[in-house]
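In what follows, a single structure is set out as structure tokens and then discussed.
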Amino acid sequence: MASFNKIVPHVNQVEVNPFFQQVAAQDNMKDYGVQIEAWAPFAEGKNDFFFKTIGEKYGSMDLAIMENGQYNKDWAKIHNMPEEAAQAAVDVNAKKMISVHNSKFALARHQWTEPMERILATSQGKPYEFMTPMIDDKISLDDGTASTAISFPIWWR
């Protein structure tokens with residue numbers, strides 16, 4: 001793109017994941033100062049393999065910050081569906097989970113509240129604590145007790 005355009009793009013979205021690194025493309029974009037944005041970063045829908053492998057290799061995690069939102073069935077490999085984010089938190093053995101990249105309007109065809117409602121429902125009964133802090137809320141990963149849940153409002157309703 002940079003060779004055939006007067007203005008070099010700042011960002012280029014290409015498929016990059018653990019199984020398809022595209023080293024030459026990354027090097028080329030770096031030469032032009034183009035930032036790469038990964039398309040299908042979770043290995044083309046191999047989320048179950050990808051996250052489970054991380055969980056098996058590294059044991060439990062204190063916190064998983066999971067992308068959940070702006071999804072669309074027409075481009076399902078770019079963003080996690082709420083149920084996929086919840087399962088990924090289980091697969092990486094997360095003790096606590098926060099959902100990010102949700103409740104935006106951009107290109108998604110879902111209601112603003114849908115990602116949070118779906119992941120909240122899916123998180124019921126899971127082995128992690130689902131946390132819903134608002135911007136600027138302070139959280140503690142070590143509150144000094146073994147099972148004290150931090151209470152957050154359901155702010156998106």
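Worth saying up front: this structure is predicted, and the values here are computed from it rather than measured. Along the sequence shown, residues carry numbers from 1.
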Side chain of W156, backbone of P115: donor and acceptor closer than 3.5 Å?
no
Taking Q26 for the side chain and I36 for the main chain, is one N or O donor matched with an acceptor at less than 3.5 Å?
no
Nearest 0.5 Å, what's the [atom1]-[atom2] distance between [X] and [Y]?
X    : Y    : atom1 : atom2 : result
R118 : H110 : CZ    : NE2   : 8.5 Å
M131 : I65  : CE    : CD1   : 9.5 Å
K95  : D62  : NZ    : CG    : 4.5 Å
D137 : I98  : CG    : CD1   : 9.5 Å
E37  : H10  : CD    : NE2   : 14.5 Å
M81  : E67  : CE    : CD    : 11.0 Å

Which heavy atom of [X] sits nearest a heavy atom of [Y], and at what distance?
X    : Y    : value
V34  : P9   : CG2-O, 3.2 Å
T132 : P153 : OG1-O, 3.3 Å
V16  : Q22  : CG2-CB, 4.4 Å
Y32  : V8   : O-CG1, 3.9 Å
T122 : A86  : CG2-CB, 3.5 Å
P127 : V90  : CD-CG2, 3.9 Å

Single-linkage hydrophobic cluster, 4.5 Å side-chain cutoff, M97 and W155 together
yes
In one Ile/Leu/Val/Met/Phe/Trp/Tyr side-chain cluster, 4.5 Å: M134, M116:
yes
Criterion side chain to side chain contact (heavy atoms under 4.5 Å, CB included) on I154 and L120, from CA distance to verdict:
CA-CA 10 Å; I154 300 176; L120 178 65; 4.3 Å; yes
A side-chain contact here means heavy atoms from C-beta on lying under 4.5 Å apart; do Y128 and M66 qualify?
no
Residues, nucleotides or ligands: over 12 heavy atoms within 6.0 Å of I7 CD1:
no
